[in-house]
Amino acid sequence: MSEKIAETIAEIIDKLAGKGSDLILTFEDLTIDFAGKPVKITGRIKLDVHYVKEEKE
């Protein structure tokens, strides 16, 4: 399930990149493993996505 979520988020980021759009991920009571202890966090992450094109020499 988490692999599908990661793929979906990657697709959204790809579509928003370079279009002046932000992606805000909001979570509530997200449990993560921190140094072997479960920790619940609530908050949001704002992603400002830019693509940089490298020129080939």
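Both backbone and side-chain heavy atoms feed into the values below; hydrogens, waters and symmetry mates do not.
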Let me check something: any side-chain donor-acceptor pairs from residues 33-44 under 3.5 Å, sequence neighbours excluded? List them with distances.
unit_1	atom_1	unit_2	atom_2	d
D33	OD1	G36	N	3.0
D33	OD1	K37	N	3.3
T42	OG1	D29	N	3.1

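Among all heavy-atom pairs drawn from L25 and F27, the shortest one is O-CD2, 4.0 Å.
Between the CD atom of E7 and the CD1 atom of I12 there is a distance of 12.0 Å, given to the nearest 0.5 Å.
If you chain together hydrophobic residues whose side chains sit under 4.5 Å apart, I45 and I5 fall into the same group.
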